[in-house]
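Following: one structure in structure tokens, then a few remarks.
Everything quoted here is computed from the prediction, not taken from an experiment.
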Amino acid sequence: MGKISKLLVTGFLSVILLSGCAQPSFVSKMTSDKSYLEYEFRRGTKEEEEAGKFLGSETCSIYDEIDENLFALAYGQLRTLFGEPDYETEDLENMYDYNVVATDKEGNEYYMYAYSGPTGPAIGTREDDEKTEKAARALAEKIKSVEPTDYDYVGYYFDFGLTVKMGVKNGKPYCTESGGDGEF
């Protein structure tokens, strides 16, 4: 290939990359694990909640990195999958909760909840066994595989007097904070 051809190809690829045509979406870079295909996921029912099936503790984080934009992204992705949360508060250490049931190909059900607490977005389960942990990790991968729904949220980190605004706008997560001077 001659110099002119290389320049044309390089220029063409640059235009495509800069225009976003060849760039994968923000979300598609988040997971390549397809373990979630082994399960069907649904919202838990009120009856299942009242029976105490969604109690427990953290099994895994949704994202392994601690990044406020990923916190915002996870909530937008959960909204895509399950709609409005079972509850939402203004307390960043108890932000939201979704009761979720995973059903594997054999019909076994695994009860879990997706939430954002003091350590950020996570999956919690009642059972401490390999199969339930596998289902929880598959849910985390399913969450990471979907495009987020746009939303706006304002919450507070009361320990430090911070006001946090986060959400997703046009598919891109954002997070800003203000305060921190003991205003609470």
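The distance from the CE atom of Met112 to the CD atom of Glu127 is 10.5 Å, given to the nearest 0.5 Å. Here CD of Glu84 is found 8.5 Å from CZ of Arg43. Values are rounded to the nearest 0.5 Å. The NZ atom of Lys34 sits 10.0 Å away from atom NZ of Lys142, with the distance rounded to the nearest 0.5 Å. How far CD of Glu68 is from SG of Cys175: 5.0 Å, rounded to the nearest 0.5 Å. Note that the OG1 atom of Thr59 and the CG atom of Asp128 stand 7.5 Å from one another [nearest 0.5 Å]. Rounding to the nearest 0.5 Å gives a distance of 5.5 Å between CD of Glu65 and CG of Leu70.
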query: Does the side-chain contact (heavy atoms from CB on, under 4.5 Å) test come out yes or no for Arg126 and Tyr113, once each step is laid out?
result: CA-CA 9 Å; Arg126 182 178 203 158; Tyr113 52 98; over 6 Å; no
message: Before you tell me yes or no, could you show the steps for Asp159 and Glu93 under side-chain contact (heavy atoms from CB on, under 4.5 Å), namely the whole-Å CA-CA distance, both residues' side-chain angles and the distance that decides it to 0.1 Å?
response: CA-CA 10 Å; Asp159 294 347; Glu93 293 188 295; 3.5 Å; yes
- prompt: After noting the C-alpha distance and the side-chain angles of Leu81 and Phe41, does the key distance pass the side-chain contact (heavy atoms from CB on, under 4.5 Å) rule?
  reply: CA-CA 9 Å; Leu81 288 170; Phe41 298 98; over 6 Å; no
field: Derivation of the side-chain contact (heavy atoms from CB on, under 4.5 Å) call for Glu58 and Thr119
entry: CA-CA 9 Å; Glu58 182 176 332; Thr119 60; 2.9 Å; yes
- request: Carefully, step by step, assess Glu50 and Lys46 under the rule salt bridge (charged side-chain N to carboxylate O under 4.0 Å, His left out).
  value: CA-CA 6 Å; Glu50 290 170 358; Lys46 201 64 158 161; 5.5 Å; no
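When all heavy atoms are compared, the tightest approach of Tyr98 to Arg79 is OH-CG, 3.4 Å. In terms of heavy atoms, Tyr63 sits closest to Ala74 at CE1-CB, 4.0 Å. The shortest heavy-atom contact between Val168 and Pro148 is CG1-CG, 3.8 Å. Listed here is the closest heavy atom pair of Phe71 and Gly120: CZ-CA, 3.8 Å. Leu37 approaches Lys105 most closely through the heavy-atom pair O-NZ, 3.6 Å. Phe54 and Val100 make their closest contact through CE2-O, 3.5 Å (heavy atoms, listed as atom of the first residue, atom of the second, distance).
Side-chain contact check for Tyr174 and Asp152: at least one donor-acceptor pair (N or O, by modelled atom type) lies under 3.5 Å. At a cut-off of 3.5 Å, with distance as the only test, no side-chain donor of Thr132 or Thr125 sits close to an acceptor on the other residue.
Under the 4.5 Å side-chain criterion, counting only non-hydrogen atoms from C-beta, Thr163 is in contact with Val154. For the pair Val101 and Glu48, the minimum side-chain heavy-atom distance is below 4.5 Å. Within the 4.5 Å cutoff, the side chain of Glu88 has heavy atoms near those of the Tyr153 side chain. The shortest side-chain heavy-atom distance between Ser145 and Tyr36 falls under the 4.5 Å cut-off.
Using cut-offs of 30° and 60° on the angle between ring planes, the pair Tyr75 and Tyr96 is parallel.
Checking side-chain atoms of Glu40 against main-chain N and O of Thr103 turns up no donor-acceptor pair under 3.5 Å. Here the side chain of Asp150 pairs a donor or acceptor atom with the backbone of Gly171 at under 3.5 angstrom. Without hydrogens or angle criteria, Arg137 side chain to Cys60 main chain gives no donor-acceptor distance under 3.5 Å.
Using a 4.0 Å cut-off between a side-chain N of Lys or Arg and a carboxylate O of Asp or Glu, Glu106 and Lys131 do not qualify as a salt bridge. Residues Glu38 and Lys134 are paired through a salt bridge, judged by an N-O separation under 4.0 Å between the basic side chain and the carboxylate.
In the hydrophobic clustering of ILVMFWY residues, with side-chain heavy atoms under 4.5 Å counting as a link, Tyr115 and Ile62 come out apart. Note: the hydrophobic cluster containing Tyr111 does not contain Leu78 (ILVMFWY, side chain heavy atoms under 4.5 Å, direct or indirect links). When the side chains of ILVMFWY residues are joined at heavy-atom separations under 4.5 Å, either directly or via intervening members, Tyr151 and Val164 end up in a single hydrophobic cluster.
Atom CG of Asp129 has more than 12 neighbouring heavy atoms from other residues, nucleotides or ligands inside a 6.0 Å radius.
Each of Asn69, Leu73, Leu92 was evaluated against Met166; a single residue qualifies, Leu92, per the side chain to side chain contact (heavy atoms under 4.5 Å, CB included) test.
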